[in-house]
A.B. asks: 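Dumping the structure here so I can ask a few things about it.
Just so it is clear, the structure is predicted and the values come from calculations on it, not from any experiment. Excluded from the calculations below are hydrogen atoms, water molecules and symmetry mates; all remaining heavy atoms, backbone and side chain alike, are included.
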Amino acid sequence: MVALHLSALLIAARCCWAAQPGSPSPVPAKLRDLQWGKLNFLHTTDTHGWLGGHLQEASYSADWGDYVSFVTQMRRKAESQDADLLVIDTGDRVEGNGLYDSSDPKGKYLYDILKQQDIDVMSSGNHELYKQNTSEAEFLTNVPNFQGSYLASNIDIYDPQSGKLVALGPRYKKFTTKNQAIRIVAFGFLFDFTGNYNNTKVQPVEETVREDWFQEAIRETEVDLFLVVGHVPLRSQEYQAVYNAVRRLHPDVPIQFFGGHLHVRDYARYDTKSSGLASGRFMETIGFLSIDNVKSSNPVFSRRYIDNNLFSYHHHAGLDEATFPTEHGKNVSRMIQEARHALDLDMVHGCAPRDLWVSRTPYPSSDSIYSWLENEVLPQSLRDPLRNNTPALAISNTGAIRFDIFKGPFTQDSIYNMSPFTSGFRYIKDVPLKTAKRLVWLLNRETKIFTESEHQNYCPLGPPEKCAHDLDIETRRYTPINSELKRREQIVLSPEVEQDPQVLPGYTTIDDAGNDGDDTIHSSISFYDVPNVLQTLIVPETTLSAKENTSTEPSTVDLVYVDFIEPYIALAAKFSGLHVELPRDSDVYMSGTSLTELILGWIKDNWRCDKTFI
Ligand SMILES: *[C@@H]1O[C@H](CO)[C@@H](O)[C@H](O)[C@H]1NC(C)=O
Ligand SMILES: *[C@@H]1O[C@H](CO)[C@@H](O)[C@H](O)[C@H]1NC(C)=O
Ligand SMILES: *[C@@H]1O[C@H](CO)[C@@H](O)[C@H](O)[C@H]1NC(C)=O
Ligand SMILES: *[C@@H]1O[C@H](CO)[C@@H](O)[C@H](O)[C@H]1NC(C)=O
């Protein structure tokens, strides 16, 4: 196939004022200002390699180079007010974008680009630990790159050189801010994750807070603020444990939490002197938080979720196109551009005839990405020649699909945005269809067997956004510390706002401080829940004779599933009367083909680009 290139199609109309070539220009919008304090923070989380920004969404089109410029300009602004600014990142920097996933080795370009940002306190996410390579890159490259900033309060790693179990990074740090001399004790946590490869050890947070070093750290009396950063949901038992431990000794010292993992914008007020901020996902959001009068009996907190685009950056920095970018920031944008070019991320594989959504439309529906997989991709592509047309019930967890597909060019980049995972397929043969269906039903309904199992890691089967929704609306198990759980619903804006041409769809967040957190005034986007797993029954035509009633279902099937979910299949099998031991009784299906490759193959065969797309 002759490779088309997006950058050639969307000729870079503007060459030099940053963001990636081909990305849409931000749309001017109504903005809410930042409320500065003497202590201020900028926060990213769950960036998942999206350092090039969103090339198909104007609201999030700034790249990491622009963010480098933004931090520099915001530090200058802080300086001019004799205030402090701290920059935070709470992990899941890897997996989810071609800039990380498509190089060999993975991350070949990412770590150098990340390193260009001046981050004050950071932590690891779970995605840094799934694979040996990834956690070792963290230990050997990223931790040294961010020496003095990277904290690992509850993660150890087997040092690949010595073979010894060592801390991934320092457990905590004490420092004093430059301008206001605020004395801070900071920690960096990961939630009670159990899905890591065996070269790392994650200690449950509830145990870490009982360790001597932690107890000593919080016995510090010369402290104005405890800063708890972590790849941890804000309304979690883990942060509850940290909060309780600190508050037991310090009823009065402010505690500021930064969290992540659930891919949502959220702000929690735990008490009058503590709060927590979560800043979304995929470089869509830069979280801003300020605390004024930190040392007083009455600190004032303020939060804002900044849409990651140059319009917002210029506004908040009080600068314009000419004065905003720094030389360093522009260099970083260029590094990203060169990496994207080397990885051929603009190569077009086909053109999507319509938008396909993860959660913006109901499932099932013709615009649901999961319905598309169930009805078109899997039935037309999933077969193993060694299984000779045996009917199959195929299952994938919905979390395997991470991002929407937009109408138009589907690029090398789009593949990794949609599904960055390397999981292939396995199967169990001769499963009664009735049993297989019961098993799927269990995976979708019976969340209890998972919440009580050791595999419980915040709803591991669905996308994180679903998990946030489920925890919030349904289970209430991880409810907050002292605050009332506030159900975050979509705001319905008044009809005038909806009709204002300047108001575009986007985040409309409700959190513990109200509904004015987003910097950009948007109309709301619907959120529809999705199941844990999708399923599709594949009955090859040749297995039914012409005369046979085609709605007759086979009595037994190959139960085919994405290998990532084997532990959950094993668990659900137990409860559905399927007597198997896994992996012993399962085998590889379509050897050498991952779900992602299967989808890509289908797209190349089915989605041609014609003139209407160019
Ligand atoms: C893992 O690391 C090794 C050694 O650096 C490298 O050769 C290999 O390509 C890496 N694997 C992936 C999938 O990145
Ligand atoms: C980790 O698991 C591998 C198999 O995947 C095994 O060979 C190795 O011994 C294990 N290492 C440790 C430290 O348990
Ligand atoms: C930017 O890149 C140029 C050319 O590579 C280099 O000479 C310069 O030192 C860089 N400047 C900064 C601030 O990174
Ligand atoms: C085909 O089988 C289904 C279910 O067994 C039955 O409901 C339906 O009436 C049958 N149709 C015909 C045309 O025999």
Side-chain angles (χ1 to χ4, degrees), residues 29-45 62 66-90 117-121 175-184 186 224-229 253-259 265-269 272-280 285-320 323-326 329 507 509 511-521:
K30 291 183 186 161
L31 296 183
R32 299 182 180 102
D33 287 329
L34 309 181
Q35 183 185 322
W36 285 74
K38 285 295 178 202
L39 179 60
N40 306 277
F41 298 88
L42 291 174
H43 175 217
T44 49
T45 192
D66 301 317
Y67 184 46
V68 166
S69 297
F70 187 54
V71 164
T72 302
Q73 303 295 9
M74 293 288 275
R75 284 197 200 277
R76 284 182 191 156
K77 202 164 169 173
E79 205 69 28
S80 72
Q81 313 169 25
D82 202 27
D84 291 298
L85 176 70
L86 299 174
V87 177
I88 312 286
D89 182 85
T90 46
Q117 186 58 284
D118 181 9
I119 297 176
D120 295 285
V121 187
F175 63 106
T176 301
T177 64
K178 181 164 157 259
N179 294 320
Q180 290 290 317
I182 297 163
R183 298 162 304 173
I184 296 178
D224 302 310
L225 174 77
F226 286 97
L227 174 60
V228 184
V229 318
V253 178
I255 316 172
Q256 178 57 42
F257 292 81
F258 287 92
R265 294 179 172 189
D266 192 15
Y267 180 67
R269 282 310 301 261
T272 57
K273 289 187 151 192
S274 64
S275 77
L277 184 73
S279 302
T285 304
I286 307 297
F288 172 86
L289 185 113
S290 66
I291 313 177
D292 217 6
N293 309 327
V294 176
K295 300 181 193 176
S296 79
S297 59
N298 198 8
V300 178
F301 295 77
S302 175
R303 56 81 183 96
R304 192 65 83 220
Y305 310 103
I306 300 172
D307 275 8
N308 175 43
N309 64 67
L310 284 167
F311 183 78
S312 283
Y313 281 179
H314 293 168
H315 178 87
H316 298 306
L319 297 167
D320 61 26
T323 52
F324 173 79
T326 64
Y507 282 101
T509 310
D511 58 28
D512 286 1
N515 61 10
D516 61 355
D518 306 291
D519 80 326
T520 310
I521 298 180

A.B. asks: By side chain to side chain contact (heavy atoms under 4.5 Å, CB included), which residues pair with A29, not counting sequence neighbours?
C.D. replies: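 Testing A29 for side chain to side chain contact (heavy atoms under 4.5 Å, CB included), a comparison that skips the adjacent residues, returns T520.
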
A.B. asks: Ring of F301, cation from R269 - is the NZ or CZ under 6.0 Å from the centre and inside 45° of the axis?
C.D. replies: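 Yes, R269 lies over the aromatic ring of F301.
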
A.B. asks: Looking only at atom types and distance, does a side-chain atom of S296 sit under 3.5 Å from a main-chain N or O of N298, one as donor and one as acceptor?
C.D. replies: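 Side chain of S296 to backbone of N298: a pair is present.
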
A.B. asks: Check whether the ring centres of F41 and F258 lie less than 6.0 Å apart, and answer yes or no.
C.D. replies: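 That pair passes the under 6.0 Å test.
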
A.B. asks: Do I286 and S279 come close enough that some side-chain heavy atom pair is under 4.5 Å?
C.D. replies: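 They are not in contact (no side-chain heavy atoms under 4.5 Å apart), so the answer is no.
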
A.B. asks: Sequence neighbours excluded, which residues qualify as ring-ring contact (aromatic ring centres under 6.0 Å, His included) partners of F226?
C.D. replies: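 In terms of ring-ring contact (aromatic ring centres under 6.0 Å, His included), with neighbours along the sequence ignored, F226 is linked to H250.
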
A.B. asks: May I ask you to decide if the ring planes of F324 and F70 are parallel, tilted or perpendicular, using 30° and 60° as cut-offs?
C.D. replies: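 Aromatic pair F324/F70 classed tilted.
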
A.B. asks: Looking at residues at least two apart in the chain, or sitting in another chain, which of them share a side chain to side chain donor-acceptor pair (under 3.5 Å) with S290?
C.D. replies: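 Listed in chain order: nothing, the list is empty.
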
A.B. asks: Applying side chain to side chain donor-acceptor pair (under 3.5 Å), can you list everything that pairs with T326, at least two apart in sequence or on another chain?
C.D. replies: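 Counting only residues at least two positions away or on another chain, T326 forms a side chain to side chain donor-acceptor pair (under 3.5 Å) with S69.
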
A.B. asks: What pairs with D307 under salt bridge (Lys or Arg N to Asp or Glu O under 4.0 Å), at least two apart in sequence or on another chain?
C.D. replies: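 With sequence neighbours excluded, D307 shows a salt bridge (Lys or Arg N to Asp or Glu O under 4.0 Å) to R265, given in chain and number order.
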
A.B. asks: On a heavy-atom basis, which atom in A278 and which in Y305 lie closest, and how many Å separate them?
C.D. replies: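 Reported closest heavy-atom pair: O-CE2, 3.5 Å.
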
A.B. asks: Can you find a heavy atom in the side chain of R304 that is under 4.5 Å from one in the side chain of R32?
C.D. replies: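 Heavy-atom side-chain distance check passes, below 4.5 Å.
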
A.B. asks: Can you tell if the side chain of D66 reaches within under 4.5 Å of the side chain of L310, non-hydrogen atoms only?
C.D. replies: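 Of all side-chain heavy-atom pairs linking L310 with D66, at least one is under 4.5 Å.
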
A.B. asks: What's the spacing between I291 CD1 and L225 CG if we round to 0.5 Å?
C.D. replies: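 One gets 5.0 Å once the value is rounded to the nearest 0.5 Å.
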
A.B. asks: Do D33 and H315 get their side chains close enough for a donor-acceptor pair, meaning under 3.5 Å?
C.D. replies: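 On atom types as modelled, these side chains qualify, holding a pair under 3.5 Å.
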
A.B. asks: Who pairs with D82 by side chain to side chain contact (heavy atoms under 4.5 Å, CB included), at least two apart in sequence or on another chain?
C.D. replies: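 Side chain to side chain contact (heavy atoms under 4.5 Å, CB included) check on D82 returns N179, Q180.
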
A.B. asks: Can you tell me if K77 uses its side chain to pair, donor with acceptor, with the backbone of H316 under 3.5 Å?
C.D. replies: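 At least one qualifying donor-acceptor pair exists.
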
A.B. asks: Would you check, one step at a time, whether the test side-chain contact (heavy atoms from CB on, under 4.5 Å) holds for F311 with L31?
C.D. replies: CA-CA 10 Å; F311 183 78; L31 296 183; 3.8 Å; yes

A.B. asks: Given side chains that start at C-beta, do those of I88 and L227 come closer than 4.5 Å, heavy atoms only?
C.D. replies: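 Contact flag for I88/L227 side chains = yes.
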
A.B. asks: My understanding is that only residues two or more places apart in sequence, or in another chain, count here; which of them pass side chain to side chain donor-acceptor pair (under 3.5 Å) with R76?
C.D. replies: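 Per chain and number, R76 pairs via side chain to side chain donor-acceptor pair (under 3.5 Å) with Q73.
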
A.B. asks: State which residues pass side chain to side chain contact (heavy atoms under 4.5 Å, CB included) with K273; sequence neighbours excluded, sorted by chain then number.
C.D. replies: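 Once residues adjacent in sequence are excluded, the partners of K273 under the side chain to side chain contact (heavy atoms under 4.5 Å, CB included) criterion are R247, D252, D271, P299.
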
A.B. asks: With a 4.5 Å cut-off on side-chain heavy atoms, are S302 and L34 touching?
C.D. replies: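 SC-SC contact between L34 and S302 ruled out.
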
A.B. asks: Assess the residue pair Q256 and S275 against the criterion (side-chain contact (heavy atoms from CB on, under 4.5 Å)); give the C-alpha distance rounded to whole Å, side-chain angles, the decisive distance to 0.1 Å, and a yes or no.
C.D. replies: CA-CA 5 Å; Q256 178 57 42; S275 77; 2.7 Å; yes

A.B. asks: Return yes if a side-chain donor-acceptor contact under 3.5 Å exists between Y507 and D519, otherwise no.
C.D. replies: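 There is no such pair between these side chains.
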
A.B. asks: My understanding is that only residues two or more places apart in sequence, or in another chain, count here; which of them pass side chain to side chain contact (heavy atoms under 4.5 Å, CB included) with D120?
C.D. replies: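 Expected list: R75, L86, V87.
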
A.B. asks: Considering residues at least two apart in sequence or located in another chain, which fulfil the side chain to side chain donor-acceptor pair (under 3.5 Å) criterion with D292?
C.D. replies: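 Side chain to side chain donor-acceptor pair (under 3.5 Å) list for D292, sorted by chain: empty.
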
A.B. asks: Apply side-chain contact (heavy atoms from CB on, under 4.5 Å) to the pair L289 and H43, showing each step before the final yes or no.
C.D. replies: CA-CA 8 Å; L289 185 113; H43 175 217; over 6 Å; no

A.B. asks: Please name the pair of heavy atoms, one in G280 and one in T45, separated by the smallest distance, quoted to 0.1 Å.
C.D. replies: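 Looks like O-CG2, 3.4 Å.
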
A.B. asks: Given 3.5 Å as the limit, does a donor-acceptor pair link the side chain of D511 with the main chain of D266, or not?
C.D. replies: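 No, because the side chain of D511 does not come within donor-acceptor range (under 3.5 Å) of the backbone of D266.
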
A.B. asks: Using side-chain contact (heavy atoms from CB on, under 4.5 Å), reason through N308 and T285 one step at a time and then give a plain yes or no.
C.D. replies: CA-CA 5 Å; N308 175 43; T285 304; over 6 Å; no

A.B. asks: Find out whether T177 and I184 are in side-chain contact, i.e. whether some heavy atom of one side chain is under 4.5 Å from a heavy atom of the other.
C.D. replies: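 Side-chain contact under 4.5 Å: yes.
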
A.B. asks: Using a 4.5 Å cut-off on heavy atoms from C-beta on, say whether the side chain of F257 contacts that of V229.
C.D. replies: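 SC-SC contact between V229 and F257 ruled out.
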
A.B. asks: Donor-acceptor pair, distance only, cut-off 3.5 Å: does the side chain of D224 make one with the backbone of I182?
C.D. replies: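 Checking the backbone N and O of I182 against the side chain of D224, no donor-acceptor pair under 3.5 Å is found.
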
A.B. asks: If you look only at pairs with a residue in residues 309-320, which of them pass as a salt bridge (Lys or Arg N to Asp or Glu O under 4.0 Å), with sequence neighbours excluded?
C.D. replies: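 Applying salt bridge (Lys or Arg N to Asp or Glu O under 4.0 Å) to every pair that reaches into residues 309-320, excluding sequence neighbours, yields nothing.
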
A.B. asks: By salt bridge (Lys or Arg N to Asp or Glu O under 4.0 Å), which residues pair with K295, not counting sequence neighbours?
C.D. replies: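 Scan of K295 (salt bridge (Lys or Arg N to Asp or Glu O under 4.0 Å), adjacent residues dropped) gives none.
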
A.B. asks: For the residue pair N293 and K38, establish whether any side-chain heavy-atom pair is separated by less than 4.5 Å.
C.D. replies: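 When only atoms from C-beta onward are counted, K38 and N293 do not touch, as no gap falls below 4.5 Å.
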
